[in-house]
Amino acid sequence: MSKIKPQTLKGFRDFLPETMLSREHLMQTARDVYRSFGFAPIDTPALEYTEILLGKGGDESDKQMFRFTDQGNRDVSMRFDLTVPFARFAAQHLNELGTPFKRYHMGAVWRAEKPQKGRYREFVQCDFDTIGTSSNAADIETLMVIHELMDRIACGEFTIRVNNRKVLNGLLEKLDLTEQSVNVLRALDKLPKIGREKVLAEMTEQAGIDNERAAQVLDFAGLSGTTEELLTQVGAMVAGNETGETGVAQARELFDVASSAGLPAQRLQLDLSIARGLDYYTGTIYETFLADLPGIGSVCSGGRYDNLAELFTSQPLPGVGASLGLDRLLAALEELGKLETASTPTQVLVTIFDPAWIADSFRIARQLRKSGLAVEVYADHKKLGKQFQYADKKGIPIALVAGEEERATGSWQVKDLRTGDQSPYPEAELAGHLAELLAKNC
RNA sequence: GUGGCCAUAGCUCAGUUGGUUAGAGCGCCGGAUUGUGGUUCCGGAGGUCGGGGGUUCAAGUCCCCUUGGUCACCCCA
């Protein structure tokens, strides 16, 4: 009888323990950070009515949706991000939630696009948003959260690039280019990648604006200098335009407060060229790049929007938030060789010296678990060498052994597989000593 | 969605202009006088050459389709 070929769909993946341990570790860190800022967890269904999702992220995201008719003949789609379902969620539950409302949401999203490195059809996003306030304080806090996340996760340097769409929009208003803003911003977004000449060409050919104004936009985006210098120059360029002036003021406050709060200046960069592809951003915009691997793209992006849920409710819901791209970050860390290598969460392996004494092993294991350690009793009756080999292969740092001698004195041999050191400890001191040992190299 | 490249053991790959039973390293399993791993030595398992069709006396090798991977564009986490 022929077997079914075991295979996964294009862009979908299995995760082995080694990878999964890293994923869960990252998620736990993100969770800790979000909670430490007071964000509360929510979840929403993977599947929504198509009309809920359609047209919310621009034409591109519509094309990328997994869409089908369910058994009840409903037109349904899988969520392609966590923001749009959140808009629906917020509109539906606003009266129960109250504002401002801060939530985090970690879950898989699906996009039917062509897979590439760091781009999958199913991937996990870790979103956080603050809704119900237009205050710049929320924008500032969002920056702080991104910084804290990356500081604890990235294992290396990173740059958070910040811009404010109001600044850009102010300039476009002044140049009377509001109509073409979507195309102009999209072209502008490519500046670091394809260079000034090509962006200029795209603006004149596709956005249909004249050379002079395209050049002005580019001059604007290409400004350089310290953040303070940039803000001053930009301020002058948008002077007299209310939107632009507001944007500059907000950006200035954001950088000032971040600096006062102790965020390292070299990790923050005012980048007038980033615009973000998604259409719904209206204020501060964030993108985060790893210093060691900028090519993989932004690993944490977001921004401010004026009205998250306008399609679902007449209640205005301004907000700001960002999304950590867990799978992309993981792909980056893997490429940089910064992933953990253990393939089990076990910290201590209790060996079985003699099958007749198996109760001792289970007893001590239970006792150690109570003190918070991850403890595993070897699952088979094999000789000690095999048991150590197993521990070594799985990356378990410590093994316990008790033979006749140890049993007679109520003690266990504690072997540190990382160093090879071994010495006996009475059961009462075991937990404390193990905690001490484990704290060393991790 | 458009275009390029790729696909041989769990992994990284070798396989001469198409020619007998398809190889290596690493990994995996077992063993080297049963109270101790990582090193070394010995042995073993594992591939209908991604799948399907075609050309040929003969296909891992050539052609078509398909599935998957990868890169660029597009877009994005």
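Everything numeric here is computed off the predicted structure, so don't read it as measured data. All values below come from the heavy atoms of this structure, side chains included, with hydrogens, waters and symmetry mates left out. Chain letters run A, B, ... following the sequence lines, proteins first, then strands; residues in each count from 1.
For the C1' atoms, the distance linking B:U61 with B:G46 amounts to 24 Å, nearest Å. Rounded to a whole angstrom, the distance from the C1' atom of B:A14 to that of B:G54 is 28 Å. For the C1' atoms, the distance from B:G10 to B:C49 is 16 Å, rounded to whole Å. Distance noted for atom C1' between B:U17 and B:C62: 12 Å (whole Å). Using C1' as the reference atom, B:A72 and B:U66 are 23 Å apart when rounded to the nearest Å. With both ends at atom P, the span from B:U33 to B:U48 equals 37 Å, rounded to whole Å. Comparing the P positions of B:U21 and B:C6 gives an interatomic distance of 28 Å, to the nearest angstrom. Only the C1' atoms considered, B:G15 is 11 Å distant from B:A24, to the nearest whole Å.
Around CZ of A:Arg407, the count of heavy atoms belonging to other residues, nucleotides or ligands within 6.0 Å exceeds 12.
Between the side chain of A:Arg111 and the base of B:C75, no donor-acceptor pair under 3.5 Å is found. No hydrogens or angles were tested; on distance alone, nothing pairs the side chain of A:Arg119 with the base of B:A77 as donor and acceptor under 3.5 Å. Contact of A:Asp392 with B:G38 (side chain to base): no donor-acceptor pair of N or O atoms is detected under 3.5 Å.
Although no hydrogens or angles enter the test, the distance criterion places no donor-acceptor pair under 3.5 Å between the side chain of A:Thr243 and the main chain of A:Gly170.
Between A:Tyr120 atom OH and B:G68 atom P there is a gap of 16 Å when expressed in whole angstrom units. The interatomic distance linking A:Gln116 (CD) with B:U70 (C1') rounds to 9 Å, in whole Å. The interatomic distance linking A:Phe86 (CZ) with B:A77 (C1') rounds to 18 Å, in whole Å. The nearest whole Å value for the distance from the OH atom in A:Tyr281 to the C1' atom in B:A77 is 10 Å. Taking atom CD of residue A:Glu18 and atom P of nucleotide B:G27, one finds them 14 Å apart after rounding to whole Å. Rounded to whole angstrom, the span from the CG atom of A:Asp14 across to the P atom of B:G69 amounts to 12 Å. As a whole-Å value, the separation of A:Lys10 NZ from B:G50 P is 17 Å. A straight line from CZ of A:Arg67 to C1' of B:G1 spans 17 Å, rounded to a whole angstrom.
Listed by first and then second residue, the side-chain hydrogen bond (donor to acceptor under 3.5 Å, both in side chains) pairs that reach into residues 422-434 of chain A are A:Arg363-A:Glu427, A:Trp412-A:Glu427, A:Gln413-A:Gln422, A:Tyr425-A:His433, sequence neighbours excluded. The salt bridge (charged side-chain N to carboxylate O under 4.0 Å, His left out) contacts involving residues 121-132 of chain A comprise A:Arg103-A:Asp127, A:Arg103-A:Asp129, where partners must be two or more places apart or lie in separate chains.
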Anything under 3.5 Å between a protein N or O and an N or O of nucleotides 2-10 of chain B, put it in a table, one pair a line.
unit_1	atom_1	unit_2	atom_2	d
B:U2	O4	A:Lys114	NZ	3.3
B:G3	O6	A:Lys114	NZ	3.0

Write out a two-atom table: protein N or O, nucleotide N or O from nucleotides 28-36 of chain B, distance below 3.5 Å.
unit_1	atom_1	unit_2	atom_2	d
B:C29	OP1	A:Lys393	NZ	2.8
B:C29	OP2	A:Lys393	NZ	3.4
B:G30	OP1	A:Lys382	NZ	3.1
B:A32	OP2	A:Lys383	NZ	3.2
B:G35	O6	A:Glu405	N	3.4
B:G35	N1	A:Glu406	OE1	2.9
B:G35	N1	A:Glu406	OE2	3.2
B:G35	N2	A:Glu406	OE2	3.2
B:U36	O2	A:Lys415	NZ	2.9
B:U36	O2	A:Gln422	OE1	3.3
B:U36	N3	A:Gln422	OE1	2.9
B:U36	N3	A:Gln422	NE2	3.3
B:U36	O4	A:Gln422	NE2	2.9

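Comparing A:Ala112 and A:Val124 by the nucleotide of RNA chain B that holds the closest heavy atom to each, the one mapping nearer the 5' end is A:Ala112. Residue order along RNA chain B, read from the 5' end via each residue's closest nucleotide, puts A:Pro115 first among A:Pro115 and A:Gln125.
Applying the salt bridge (Lys or Arg N to Asp or Glu O under 4.0 Å) test to A:Asp292 and every residue at least two apart in sequence or in another chain returns A:Lys338. Qualifying side-chain hydrogen bond (donor to acceptor under 3.5 Å, both in side chains) partners for A:Tyr104, counting only residues two or more places apart in sequence or in other chains: A:Arg35. For A:Glu141, the side-chain contact (heavy atoms from CB on, under 4.5 Å) partners are A:Phe37, A:Phe39, A:Lys102, A:Thr130, A:Val145, not counting sequence neighbours. Residues passing the salt bridge (Lys or Arg N to Asp or Glu O under 4.0 Å) test with A:Arg369, sequence neighbours excluded: none. Checked against side-chain hydrogen bond (donor to acceptor under 3.5 Å, both in side chains), A:Asp14 has no partners two or more places apart in sequence or in another chain. Residues that satisfy the side-chain hydrogen bond (donor to acceptor under 3.5 Å, both in side chains) test with A:Ser22, not counting sequence neighbours, are absent from this structure.
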Run the side-chain donor-acceptor check on residues 375-382 of chain A: report pairs under 3.5 Å with partners two or more places apart or on a different chain.
unit_1	atom_1	unit_2	atom_2	d
A:Glu376	OE1	A:Thr346	OG1	2.6
A:Glu376	OE2	A:Tyr390	OH	2.6

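Checking the phosphate oxygens (OP1, OP2) of B:C75, no side-chain nitrogen or oxygen of A:Gln64 falls inside 4.0 Å.
Between A:His147 and A:Phe158, a ring centre-to-centre spacing shorter than 6.0 Å is recorded.
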Practice prompt. With pairs defined as Watson-Crick or G-U wobble and both distances under 3.5 angstrom, please note down RNA chain B as a dot-bracket string, | for pairing with another strand.
Written response: (((((((..((((.....[...)))).(((((.......))))).....(((((..]....))))))))))))....

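A side chain to side chain contact (heavy atoms under 4.5 Å, CB included) with A:Arg213 is found for exactly one of A:Leu177, A:Leu171, A:Leu218, namely A:Leu177.
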